[in-house]
Each structure stands twice: as structure tokens, then as C-alpha cells.
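Report on the following structure.
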Amino acid sequence: MSALVIYESMFGNTRRIAEAIGEGLSEFTEVRVEPAASASHQTVDLVVVGAPTHAHSLPRAASRADAAKWAADPEKHLALEPGAAEAGVREWVDAVEDAPGAWAAYGTRVDIPRIFSGDAAAGIERRLRRQWPRPAVEAECFLVTTDNTLVEGELERAREWGGNLGRTVFAMQASASG
Ligand SMILES: Cc1cc2nc3c(=O)[nH]c(=O)nc-3n(C[C@H](O)[C@H](O)[C@H](O)COP(=O)(O)O)c2cc1C
């Protein structure tokens with residue numbers, strides 16, 4: 001059994017959430033955590049896809065360029081992740097074909113009411129549902145502050161979400177095959 005956690009990240013928050021989800025899943029399966037730009041196309045039992053919320057939705061080339069501008073401003077104290085300007089989850093979703101055994105979406109967004117922030121996780125889920133069957137669990141968004149640091153407790157919440165996802169997917173598969 002295997003799982004692949006795919007992420008896109010400008011300043012490292014979504015990558016850290018991806019790694020925490022991977023930790024949660026690792027109790028149930030072998031896990032790889034990879035950026036969308038270079039994610040492998042090997043068949044896996046579970047794919048988990050996540051991105052930061054940009055302009056209420058998934059990042060696109062123009063918003064990635066804006067993120068690079070933010071990082072160039074010394075007052076913002078932000079460091080750009082390697083490969084941040086490359087194609088990301090939006091392009092990965094557009095190119096997917098065969099559905100994996102199971103899948104789920106996650107994202108990061110600013111800690112303000114969702115109606116004002118938008119939600120990349122919901123955007124990813126909506127796009128993938130057009131071509132893949134129902135996700136294993138509902139999409140989840142993890143929160144950052146307006147200064148772009150993870151809200152306290154979000155890494156633990158991501159670990160738990162990953163564990164819960166692993167339990168749902170792999171306990172189900174084990175009982176189906178046993
Ligand atoms: C160009 C740009 C647009 C953004 N637009 C939104 C937005 O509409 N809603 C929101 O909640 N956060 C928005 N953000 C904040 C990001 O969600 C936040 O930077 C991200 O979750 C941090 O993850 P990362 O460090 O992995 O990039 C935006 C960030 C950038 C750089």
C-alpha cells in the first residue's frame with residue numbers, strides 16, 4: 001500500500017502541512033511527499049493534493065509572480081520555496097487522467113472567515129470531482145496568519161487529518177481484501 005502527498009508552496013507553509021499529513025499517514029502506509037511540479041506518476045493507492053489559496057482559488061502563474069514580489073520585499077520576511085514559480089497543482093489537476101484508489105484535497109488559507117478568504121482545498125476538490133469519483137474524506141483547509149506563518153496547532157491538526165484519512169482508506173481496503 002502506498003500514498004503520495006502532493007503540494008504546491010510559495011513560502012513553505014503548505015509544504016510543512018503536507019509533511020505533517022504524511023506523518024499522520026505513515027502509521028498506515030508508505031508515503032512520499034512531493035511538489036506538484038515534479039510529482040511522480042507511479043500508481044499509488046491514495047493521492048492527497050494541496051495548495052495555498054491565491055485570489056480565493058488555486059495559484060496561477062500571475063499569483064505565483066505576485067508571491068515572488070512579496071518575498072522580494074525585505075519588510076515581509078518571507079523566503080520563497082525552491083521551484084515556487086514552476087507549474088503547480090492547478091496544472092497538475094488539469095493533466096490528471098486515471099483515478100487513484102482513493103484521493104483527498106487539502107489547502108492553506110488565511111485565518112479569516114472563509115467567505116472572505118476563499119479556499120484552495122475546495123477548489124481542488126471541485127476540479128477533481130469532475131473526473132474522479134467521490135473523495136475519501138472531505139477537503140480540509142489549514143490556517144496561516146496574515147503574516148504568513150502557520151496558526152498554532154495547525155501542524156498537529158494536519159497530522160491528525162492525515163491519520164484519520166489513512167485509517168479511513170487503509171482500514172477500508174484491509175477489510176475489503178480480508
Ligand atoms: C498572490 C497571493 C494571493 C493570496 N490570496 C489569498 C486569498 O485570496 N485568500 C487567502 O486566504 N489567502 C491568500 N493568500 C495567502 C496564502 O493563502 C498564504 O500565503 C498561503 O496559504 C501560505 O502557504 P505557502 O507558504 O505554502 O505559500 C494569498 C497569497 C498570495 C501570495
Side-chain angles (χ1 to χ4, degrees), residues 3-26 31-40 46-96 103-128 135 137-163 165:
L4 176 60
V5 183
I6 292 176
Y7 68 88
E8 170 168 3
S9 184
M10 302 296 121
F11 312 122
N13 296 292
T14 317
R15 174 178 51 73
R16 291 172 68 207
I17 291 291
E19 290 163 355
I21 292 171
E23 282 168 26
L25 280 169
S26 65
V31 192
R32 294 197 312 275
V33 180
E34 297 180 355
S38 57
S40 57
L46 169 67
V47 173
V48 195
V49 195
T53 304
H54 280 186
H56 286 230
S57 184
L58 278 69
R60 52 178 80 236
S63 70
R64 291 178 195 124
D66 285 345
K69 281 187 212 147
W70 292 18
D73 177 350
E75 283 187 10
K76 288 204 184 319
H77 304 287
L78 292 169
L80 209 58
E81 288 278 291
E86 291 172 22
V89 162
R90 179 184 290 272
E91 294 80 1
W92 185 89
V93 166
D94 285 345
V96 288
W103 67 277
Y106 69 96
T108 53
R109 67 173 178 85
V110 172
D111 185 12
I112 54 177
R114 192 168 172 274
I115 189 165
F116 301 122
S117 68
D119 181 342
I124 295 167
E125 185 177 294
R126 196 173 51 246
R127 283 173 170 76
L128 285 173
V137 298
E138 238 179 77
E140 183 63 68
C141 233
F142 299 92
L143 302 176
V144 300
T145 65
T146 46
D147 295 334
N148 266 295
T149 55
L150 282 168
V151 167
E152 211 185 314
E154 290 302 79
L155 284 177
E156 289 72 23
R157 202 162 69 82
R159 240 173 255 128
E160 274 168 31
W161 187 78
L165 175 60

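As the structure lists them, so they are numbered: ligands from 1, and atoms in each ligand from 1.
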Min N/O separation T53 to ligand 1 under 3.5 Å
yes
Between the side chain of H56 and the main-chain N/O of A120, is any donor-acceptor distance below 3.5 Å?
no
Check: S9 N/O within less than 3.5 Å of ligand 1 N/O
yes
Quick one: CZ on F116 to CZ on R109, what's the gap to the nearest 0.5 Å?
11.5 Å
For the pair W70 and F11, name the ring-plane relationship: parallel under 30°, tilted 30 to 60°, perpendicular over 60°.
parallel
Within the structure, does G12 bring an N/O atom to less than 3.5 angstrom of an N/O atom in ligand 1?
yes
Judging by distance only, is a nitrogen or oxygen of S117 under 3.5 angstrom from one on ligand 1?
yes
Minimum heavy-atom distance D119-R114, with the two atoms named
OD2-NE, 2.8 Å
Considering both backbone and side-chain atoms of S63, is one of its nitrogen or oxygen atoms within less than 3.5 Å of a nitrogen or oxygen in ligand 1?
no
Considering only non-hydrogen protein atoms, determine which one is nearest to atom 19 (O) of ligand 1 and report residue, atom name and distance to 0.1 Å.
N148 OD1, 2.5 Å
Ligand 1 atoms nearer than 4.0 angstrom to some heavy atom of D66 are 1 (C)
Contact region, T14 to ligand 1, non-hydrogen atoms below 4.0 Å, reads both
side-chain hydrogen bond (donor to acceptor under 3.5 Å, both in side chains) evaluation trace for R15 with S9:
CA-CA 6 Å; R15 174 178 51 73; S9 184; 5.6 Å; no
Heavy-atom contacts with A67 under 4.0 Å: which atoms of ligand 1 show up? List them by number with element.
31 (C)
Please could you name the atoms of ligand 1 that H56 approaches to less than 4.0 Å, counting only its heavy atoms?
7 (C), 8 (O)
How close do V89 and R64 get, counting heavy atoms only, and between which atoms?
N-NH2, 4.4 Å
Could you see which bit of Y7 sits under 4.0 Å from ligand 1, with heavy atoms only: side chain, backbone, both or neither?
neither
Please report the interatomic distance CG(L165) to CG(L25), rounded to the nearest 0.5 Å.
5.0 Å
Decide whether the shortest distance between a heavy atom of G118 and an atom of ligand 1 is less than 4.0 Å.
no
How does N13 reach ligand 1, by side chain, by backbone, by both or by neither, if only non-hydrogen atoms under 4.0 Å count?
both
Keeping the roles fixed (side chain from E8, backbone from A36), state whether a donor-acceptor pair exists under 3.5 Å.
no
For ligand 1, is there an N or O atom under 3.5 Å from any N or O atom of P52?
no
Check each of M10, H54, K76 against atom 31 (C) of ligand 1 and report the one with the nearest heavy atom.
H54
Residue list, side chain to side chain donor-acceptor pair (under 3.5 Å) with T14, at least two apart or on another chain:
T108
Where ligand 1 meets V110 - atom numbers and elements under 4.0 angstrom, heavy-atom basis
10 (C), 11 (O), 12 (N), 15 (C)
For atom 21 (O) of ligand 1, which protein heavy atom lies nearest, and how many Å away is it?
T108 OG1, 2.7 Å
Using atom types as modelled and distance alone, determine if a side-chain donor or acceptor of D147 lies under 3.5 Å from a backbone N or O of T149.
no
Measure A55 to ligand 1 on non-hydrogen atoms and call it side chain, backbone, both or neither using the 4.0 Å cut-off.
backbone
Steps toward salt bridge (charged side-chain N to carboxylate O under 4.0 Å, His left out) verdict (R157, E154)
CA-CA 5 Å; R157 202 162 69 82; E154 290 302 79; 2.8 Å; yes
